[in-house]
2 protein chains.
Amino acid sequence: MKDVTMADVADRAGVSKSTVSAVINDKDIVRDDTRERVWEAINELDYRPSGSARRGFSASSEKSIGFVIKETRNPYYSEVLTGIREVAAANGYLTFVCSSEGRFEEEKEIVKQFSNKDLSGLIITPILKDDTDLSHIFELKRKNIPFVLLEGVKGLRASIVDIDNVQASSEAAKHLIELGHEHIVHFAGPAYSDHSQKRVEGVRRAFSESHLAYTPDMKVEVGDSFEAGYERGLEYFGSLPVDERPTGVTCYNDLTALGLMKALRELGIAVPDEVSVVGFDDLDILEYFPVALTTVQVPKYEMGHRATEILLQRIESGRSQMSEQVSLEAELVNRNSTAPPSG
Amino acid sequence: MKDVTMADVADRAGVSKSTVSAVINDKDIVRDDTRERVWEAINELDYRPSGSARRGFSASSEKSIGFVIKETRNPYYSEVLTGIREVAAANGYLTFVCSSEGRFEEEKEIVKQFSNKDLSGLIITPILKDDTDLSHIFELKRKNIPFVLLEGVKGLRASIVDIDNVQASSEAAKHLIELGHEHIVHFAGPAYSDHSQKRVEGVRRAFSESHLAYTPDMKVEVGDSFEAGYERGLEYFGSLPVDERPTGVTCYNDLTALGLMKALRELGIAVPDEVSVVGFDDLDILEYFPVALTTVQVPKYEMGHRATEILLQRIESGRSQMSEQVSLEAELVNRNSTAPPSG
DNA sequence: CGAATGTATCGAATCGGTTCGACTGTTTTC
DNA sequence: GAAAACAGTCGAACCGATTCGATACATTCG
């Protein structure tokens, strides 16, 4: 691409840049035949106005924020996004979304492009590995671009809106314990994820607080998708003698819980009669299902609201470096995928 | 916001713009104490580099496309998006998404902002009313910004990737007719939507080709959401004597079909024994459900692929004004929400 | 017919950064 | 101890558009 500029068009049409500019912006001060000539030149050269070179103007006056997510297919993000949009739109901001699909390099690239595109601020669901390189986040700090995270990052002072995952997950496990379950496992999320680690920790805490033994095989590595829940579910419950089966499972999230329930259905294991299942997130789509999933209700809309409020305040006050941590309440909703163990 | 500029920072720190620039871009040619001073000035003034003023550089070399959707919450878009992403990412492009939530004014604003942010091209699911003002689309043409539509627009020559909605919807209705159903209704989508109109037309065509009478009350105005399907379903089937109930329903999309199925469940009407239900889209989430929905399988990934291929070709060839219409195959998948009428 | 008015176009300044050659000191080298 | 190398900083040009006062020519009016 040779990057055609306005001057090239002007040359070609035998006019000045100002005239070309007038034509493109549809001002009615150009003579018809001149306009024609300019259009021809534009089309022949396939000229595209640079957009970012339009200074004093659009760039700074256009209000927009970016939302970086980890996965396109998980409705969780759509729901948080809905909350974000509500506040953003009410304040005249547009919300642009981009997903890293779990790839860290992509997250970096996204943040970089967002910050070059003159967005007013960013809300990020960060990918975290143990050795995470935070250069792109520091770049935001350097450029004073306000941002809010939806998951904590070790060693980074920043604004964070999240729930208390340990506490919430522990409640989920306690629910099963209180129902009388004695053999419980946890279908855990991706090992590197902060949320997943905390939810595992929550289960462990529930056990210890209830004076039950927690053994490593109570944690089953699964993942965060429906497919993962389904496949691991089939594998796990398919290979276990009936009397060794757990009677209760807490899952990393609703998607894995739904996958597990499908597996159980196919294996002819009844929920909740033979196995109780607890999810996490309380996705809106749960409402679509015949069997109502007991789950942890994460205040997704509210997370979106709060994150956006903080972000906008940061943007509009010009105090982009403040940092504020918000921890929202997540509580268990008891529906009918859980019951006391049979027999 | 007073819009602090680099010159302000330079002044405040008692250095030149070039030095400030060097500091911000982390060049290691600046003396430590100078760097300090500049940082102080930056923070005190809450200076944010303009981003769009960074010419020759980022703007033109960053590869990115935009995707404008109508609704955040419909998984349909996530699936098309997945297709788009696959092709885009393979070619080094990032995909930014923004939803108009069905509001036309917002669609215009989105397109405008996208075109000011120097994206290489756009894929748009346009909102269409009868009197639609296409000025934002023409603006794209004027600026030679390549775009592809995922729904036809009357009176606009442009690249379009879509399925044959009339044909596909007619197949859905014929499926019920062939099973022997004689009393069929169509749960229709939003009246102004092009897709909805075509799907109604498809049902009408199926009837006439099967020599059945089509009467206006076979079309029930419903909408495009799960909630709409649920509420209208409750209302419609709740108020009808058993012998006047239709035995088959084709729905505008899967979401309304799922809503309807929930309503039927609550009314104690069995699917497919008492009522057959056909959806449209074949969302991936259908797989999560115990009852497999018979539906029209829209090649969502492929639509994303094709649209993106066309877009990228347009972008990279510099022939931004070509137009190409692609109509993909959508076929019925027969699962178990449909059966011959009982009795 | 000369002055006033109007129309179409141009040229130059501008926007907020980046880049790069030039200009000081300071340190190294022989 | 003078020449060469090196650091650190500056100033000016530049990127690709927009804006606006200046200009040139045509038309209208008194």
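In what follows, chains carry the letters A, B, and so on, assigned in the order in which the sequence lines appear, proteins first and then strands, with residues in each chain numbered from 1. Being a predicted model, the structure only gives us computed values, none of them experimental. Values reported hereafter were calculated over all heavy atoms of this structure, with side chains retained and with hydrogens, waters and symmetry mates removed.
Rounded to whole Å, atom C1' of D:dA17 lies 12 Å from atom CG of B:N116. Atom P of nucleotide D:dG16 and atom CD1 of A:I42 are separated by 16 Å, given to the nearest angstrom. For the pair B:R48 CZ and C:dG16 C1', the computed distance is 16 Å after rounding to whole Å. Rounded to whole angstrom, the span from the CG atom of B:D11 across to the C1' atom of C:dG16 amounts to 14 Å. Distance, A:D33 CG to C:dA8 C1': 10 Å, rounded to whole Å. Counting to the nearest Å, the C1' atom of D:dT9 and the CG atom of B:D32 are 15 Å from each other. For A:K27 and C:dT9, the NZ to C1' distance is 15 Å, given to the nearest whole Å. When the C1' atom of D:dA17 is taken as reference, atom CD1 of A:I24 falls 9 Å away, rounded to whole Å.
B:V20 comes within contact range of no nucleotide atom at all, as no heavy-atom separation falls under 4.0 Å. Contact annotation for A:S18: base contact, defined as any heavy-atom pair under 4.0 Å involving a base atom. B:T5 comes within 4.0 angstrom of sugar-phosphate atoms only, judged by non-hydrogen atoms across all strands, and of no base.
Side-chain proximity of B:P49 to D:dA17, C:dG17, C:dC10: nearest is C:dG17. Set against D:dG16, D:dT9, C:dG16, the side chain of B:V30 has D:dT9 as its closest nucleotide. Closest to the side chain of B:N25, out of C:dT18, D:dT9, D:dT18, is C:dT18.
The phosphate of D:dC10 (OP1 or OP2) has a side-chain N or O of B:T19 nearer than 4.0 angstrom. The phosphate of D:dA7 (OP1 or OP2) has no side-chain N or O of B:R31 nearer than 4.0 angstrom. Within the 4.0 Å cut-off from OP1 or OP2 of D:dT18, at least one side-chain nitrogen or oxygen of A:S21 is found. Residue A:S16 places at least one side-chain N or O closer than 4.0 Å to OP1 or OP2 of C:dC10.
Each of A:K17 and A:R35 was matched to the nucleotide of DNA chain C holding its nearest heavy atom; the match closer to the 5' end belongs to A:R35.
A side-chain donor from one of A:S159 and A:R314 sits under 3.5 Å from a side-chain acceptor of the other.
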Item to check | Residue pair A:D224, A:N74: steps toward the side-chain contact (heavy atoms from CB on, under 4.5 Å) verdict | outcome: CA-CA 9 Å; A:D224 56 3; A:N74 192 335; 5.7 Å; no
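Judged by distance alone, with hydrogens and angles left aside, the side-chain atoms of A:S21 form no donor-acceptor pair with the main-chain N or O of A:K17 at under 3.5 Å.
Between A:F96 and B:F114, the ring center distance clears the sub-6.0 Å criterion.
With salt bridges taken as basic N to acidic carboxylate O contacts below 4.0 Å, none links B:R37 and B:E40.
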